[in-house]
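Residue numbers start from 1 in every chain, and the chains themselves are labelled A, B, ... in the order their sequence lines are given, proteins ahead of strands.
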Amino acid sequence: MARGRFQPAEFERKWQEWWDAQGIYYARDDDTREKYYNLMMFPYPSGDLHIGHWYNYTGGDIYGRYMRMRGYNVTQPIGFDAFGLPAENAAIKRNVQPREWTLDNIGKMQAQMRLMGAGWDWPREVVSCLPDYYRWTQWLFLQFYKQGLAYRTKAPANWCPHCNTTLANEQVVNGHCERCGTPVERREIDQWLLRITKYADELLRFDGMEWPEKTRLMQTNWIGRSEGAEIRFRADLAKKRGKGAETVEIPVFTTRPDTIYGVTFFVLAPEHPLVERMTAPEQGEAVQEYVERTRHETEIDRLSVDVARPKTGVPLGTTVTNPVSGAQVPVWIADYVLMGYGSGAVMGVPAHDQRDFEFARAFDLPIIQVIRPEGEEETDPATWEAAKSHEGVILNSDGLDGAPAGEGIARAIKLIEAKGVGKAAVTYRLRDWLISRQRYWGAPIPIVYCSEHGTVPVPEDQLPVLLPDQVEFKPTGESPLRYVPEFFETTCPICGGPAKRETDTMDTFICSSWYFLRYADPKNADAAWSAEKVAQWLPVDMYIGGPEHATLHLMYARFFVKALRDMGLLNFDEPFARLYHQGMVLGPDGQKMSKSRGNVIAPDDVVGRYGADTVRSYLMFMGPFDQGGPWSNQGIEGVARFMNRVWALVTDATEAGVRVDGQAKPVGAALGIERLRHKAIARVTADYEGLRFNTALAALMEYVNSLNKTREQSPEIVNDAAFSRAVDTLLVLLAPMAPHLTEELWHERRLRAGMAESEYTSIHVQPWPEYDPALIVDETVTIVVQVNGKVRDKLELAPDTAEDEVRERALASAKVRSAMEGRSLKKFIYVPGRLASVVV
RNA sequence: GGGCCGGUGGUGAAAUGGCAGACACAGCGGACUUAAAAUCCGCUUCUCCGAAAGGGGAGUGGGGGUUCGAGUCCCCCCCGGCCUACCA
């Protein structure tokens with residue numbers, strides 16, 4: 001019964017439904033095989049699964065299917081990261097409830113995700129905006145609170161005037177809002193933070209983690225550990241309102257305490273709390289003006305791209321005393337000093353710091369050289385065009401002079417500590433994680449404010465603090481929850497008196513910092529998870545997602561796991577043992593896909609035309625999985641043709657009969673087929689193992705081409721058991737990539753072989769084939785013969801030919817001898833099975 | 001400015017230091033067809049010699065180096081992409 005052409009639409013849905021009904025991808029907790037936790041980053045429910053999702057999930061799914069066939073108890077869970085701004089924006093724009101909008105989108109995307117034919121472990125699905133999930137998000141917040149890892153403080157916040165919300169440092173991209181691109185301003189509000197900085201040092205360690213070097217580096221830079229010293233400068237403040245003179249100490253952080261004698265000025269950040277008190281009356285106006293100006297400057301202006309941006313600043317008219325040298329230096333404020341780093345104060349060493357140098361030049365401040373680079377003489381700083389390197393020998397520094405490169409810092413710290421004016425110190429670029437969002441669509445922070453008892457955590461048995469449905473969205477800068485009296489007005493859990501609820505909600509990155517734990521025990525109504533189930537499934541063995549999460553999600557999740565471990569809630573240190581970043585699919589024009597460019601490829605369209613298997617396979621065939629690449633409407637045709645060839649080959653073979661006997665040693669064409677089969681297993685296995693799906697598919701194409709060639713040359717081979725086996729192996733190797741097609745053909749073959757429908761088991765649970773190393777070497781190999789590095793001849797030899805014989809044969813070759821031009825042999829190199837190199 | 005990743009045919013790309021261009025796309029030629037589509041087969045880095053079979057030379061952004069041998073390793077430079085950026 002010739003089946004005609006490959007028509008994926010006829011069977012893809014059928015198998016998707018059958019897989020669901022059979023539950024073949026639903027990992028059981030009581031399965032005794034070794035577990036494999038194959039995770040992909042859960043999507044935001046925007047309402048449309050785009051090609052980037054397909055790319056990510058196809059690669060992950062192929063790997064998960066491969067591991068399942070290797071015999072692991074694979075779970076490949078999926079869910080939705082369902083809180084966040086877009087739902088609220090949609091609500092404002094179209095007057096729908098965020099909850100309805102979100103759940104509606106989830107419904108659409110679940111259908112699209114089924115369309116891919118991925119082996120999702122649906123019973124483990126989590127949706128972060130549902131109360132049975134965010135109840136535990138809130139519970140986790142309370143655990144952090146109890147440990148002192150969650151705290152509330154008035155802090156300068158990144159404020160996006162467009163979204164009317166605060167942003168984490170990580171969500172500010174080049175001074176602009178990550179979401180809408182609006183320049184970010186600064187504001188001071190009471191907010192909740194998580195003490196991620198407590199884990200800064202541990203987060204710098206990546207022991208035993210199979211993570212991309214790039215990602216580790218990005219996190220390391222993000223944490224930004226700097227070693228140096230904290231030095232306290234002294235300031236004698238003028239009398240105020242009749243009080244006597246007062247001395248304050250202002251600490252600075254420096255990585256170069258050895259340049260302490262080079263300090264010629266002192267700079268405070270404009271927001272520094274001591275600015276007002278340090279300002280001399282005659283400078284009051286100018287200082288106030290400058291402070292005012294910087295406050296209105298956006299982050300983009302301050303942290304500008306423009307390297308040549310001139311330094312600005314205003315002197316305060318007062319001085320501080322260098323505690324080591326005793327020198328009095330003037331105090332300035334300047335916007336190049338950031339309040340958020342170190343102590344918000346800098347000792348100006350213009351001779352050896354380019355920024356300080358520029359500042360000194362701009363305001364005509366003195367420059368003192370204290371380090372002489374190796375092999376250079378001391379020169380007049382007035383002639384310099386830039387700051388001198390700070391590698392060299394120390395000079396002009398009483399007590400440090402002559403200290404050679406590399407020792408100055410340690411000696412300076414000793415000196416500072418001996419004088420009792422400072423100490424060795426470490427500073428991090430990493431800030432505590434600001435989690436308050438003045439927004440509705442997030443998990444409410446479970447805190448109540450009582451006039452009697454202050455900040456009171458909501459008792460755990462009163463969770464979840466439910467989000468009310470009926471809210472109005474007004475751009476007030478406060479959470480809409482502030483205007484829902486039933487929510488806002490509450491009672492104190494301690495005294496029962498009137499109290500106000502916290503109206504901010506949590507950053508959605510909190511929700512995504514623990515979802516992979518919930519997958520282990522998604523239905524648990526009594527706890528966030530049970531210890532046994534988390535111990536059974538965690539840590540995640542493979543995590544696949546975009547590189548854009550390198551410093552956000554991936555660091556927060558690590559922090560969560562470490563903090564929860566220290567609370568005794570988890571017994572491992574790192575959430576993700578192996579991490580892989582897929583590349584990006586570009587439009588056919590090689591540009592990033594965007595609606596405005598009109599180069600967007602919609603998965604639903606191409607699946608409608610080619611079927612899911614072809615789209616999956618083409619995506620993987622484009623190039624290396626971690627590289628991505630441009631979509632090509634012609635390129636996918638090639639993969640579609642390949643699917644047709646597979647279909648034709650297998651249906652023909654099935655028609656000829658499926659032979660499961662024939663353990664006899666194959667000879668002739670059958671042996672050739674057997675060799676092809678073993679080689680294909682070896683290549684495809686190695687490629688899947690390394691997530692090299694492009695070359696895996698290329699190997700399968702070669703395999704199919706070779707089978708067809710053999711069939712053409714020896715038509716009777718289709719009746720041989722070796723051929724049956726070769727075809728079955730083809731289907732098994734292709735199954736992870738093209739799950740529907742292979743299931744359809746496998747099913748057909750099993751029934752043809754006499755199997756009853758009721759006995760049928762999916763191809764996706766068949767064992768992965770083994771190969772025989774003896775069968776992947778050819779009977780003869782081509783040995784290339786080079787003379788002085790140039791190929792001059794080729795020899796067909798048995799792979800185990802001895803070196804002496806190869807040498808003899810090579811030197812006997814007429815071509816080789818003519819290339820040697822009578823010169824004598826100097827050296828002979830033989831690379832077994834590959835090449836012989838004659839040096840003359 | 002700093003960091004990382006890249007640069008290979010007309011295109012997407014292959015290649016444990018060992019025959020560069022596998023596998024595809026596009027193109028050209030052929031078979032099948034009344035014809036087209038589909039399918040199948042062949043050719044397809046450049047260049048030179050040759051009627052052909054063949055054969056020579058060059059070639060992986062540019063320049064140098066290590067090596068019997070370099071797309072691959074080392075140094076310098078050019079170009080592109082991503083990340084990051086006044087971090088004291």
Proximity to the side chain of R792(A) - top-ranked nucleotide from A24(B), C68(B), G57(B): G57(B)
Shortest side-chain distance from V831(A), nucleotide among G18(B), C4(B), C87(B): G18(B)
Side-chain donor/acceptor of K214(A) to base of C83(B), under 3.5 Å: no
Scan [X] against the nucleic acid and name what it touches under 4.0 Å (heavy atoms): base, sugar-phosphate only, or nothing.
X       : value
L217(A) : sugar-phosphate
T782(A) : base
Q786(A) : base
N644(A) : nothing

Spacing between R256(A) atom CZ and C87(B) atom P, to the nearest angstrom: 15 Å
Protein-nucleotide distance (W647(A), atom CH2; C40(B), atom C1'), rounded to Å: 20 Å
Presence of [X] side-chain N/O under 4.0 Å of [N] phosphate oxygens OP1/OP2:
X       : N      : value
K790(A) : A58(B) : yes
R641(A) : C25(B) : yes
R429(A) : C86(B) : no
K827(A) : C68(B) : yes

May I ask which nucleotide in the shown strands pairs with [N], Watson-Crick or G-U wobble, both distances under 3.5 Å?
N      : value
A14(B) : none
C40(B) : G30(B)
A20(B) : none
G80(B) : C5(B)

Could you give the side-chain donor-acceptor pairs of residues 784-794 of chain A under 3.5 Å, partners two or more places apart or in another chain?
unit_1: N788(A); atom_1: OD1; unit_2: V840(A); atom_2: N; d: 3.0
unit_1: D793(A); atom_1: OD2; unit_2: S813(A); atom_2: OG; d: 2.7

T294(A) side chain to V291(A) backbone, donor-acceptor under 3.5 Å: yes
Aromatic plane relationship, H549(A) with H553(A) - under 30° parallel, 30 to 60° tilted, over 60° perpendicular: perpendicular
Side-chain H-bond candidate by donor/acceptor type, Y261(A) with N322(A), under 3.5 Å: no
Please produce a list of atom pairs where a protein N or O lies less than 3.5 Å from an N or O of nucleotides 8-15 of chain B.
unit_1: G12(B); atom_1: O2'; unit_2: M622(A); atom_2: O; d: 2.7
unit_1: A14(B); atom_1: OP1; unit_2: N694(A); atom_2: ND2; d: 2.9

Taking the same atom, [atom1], in [N] and in [M], what whole-Å distance lies between them?
N      : M      : atom1 : result
G50(B) : G9(B)  : C1'   : 25 Å
G62(B) : U11(B) : P     : 15 Å
G56(B) : G6(B)  : P     : 36 Å

Test of ring centre spacing under 6.0 Å for Y55(A) and F625(A): yes
Aromatic contact, W631(A) with Y618(A) (centres under 6.0 Å): yes
Under the ring pair (Phe, Tyr, Trp, His ring centres under 6.0 Å) test, residues paired with W332(A) that sit two or more places apart: F359(A), F363(A)
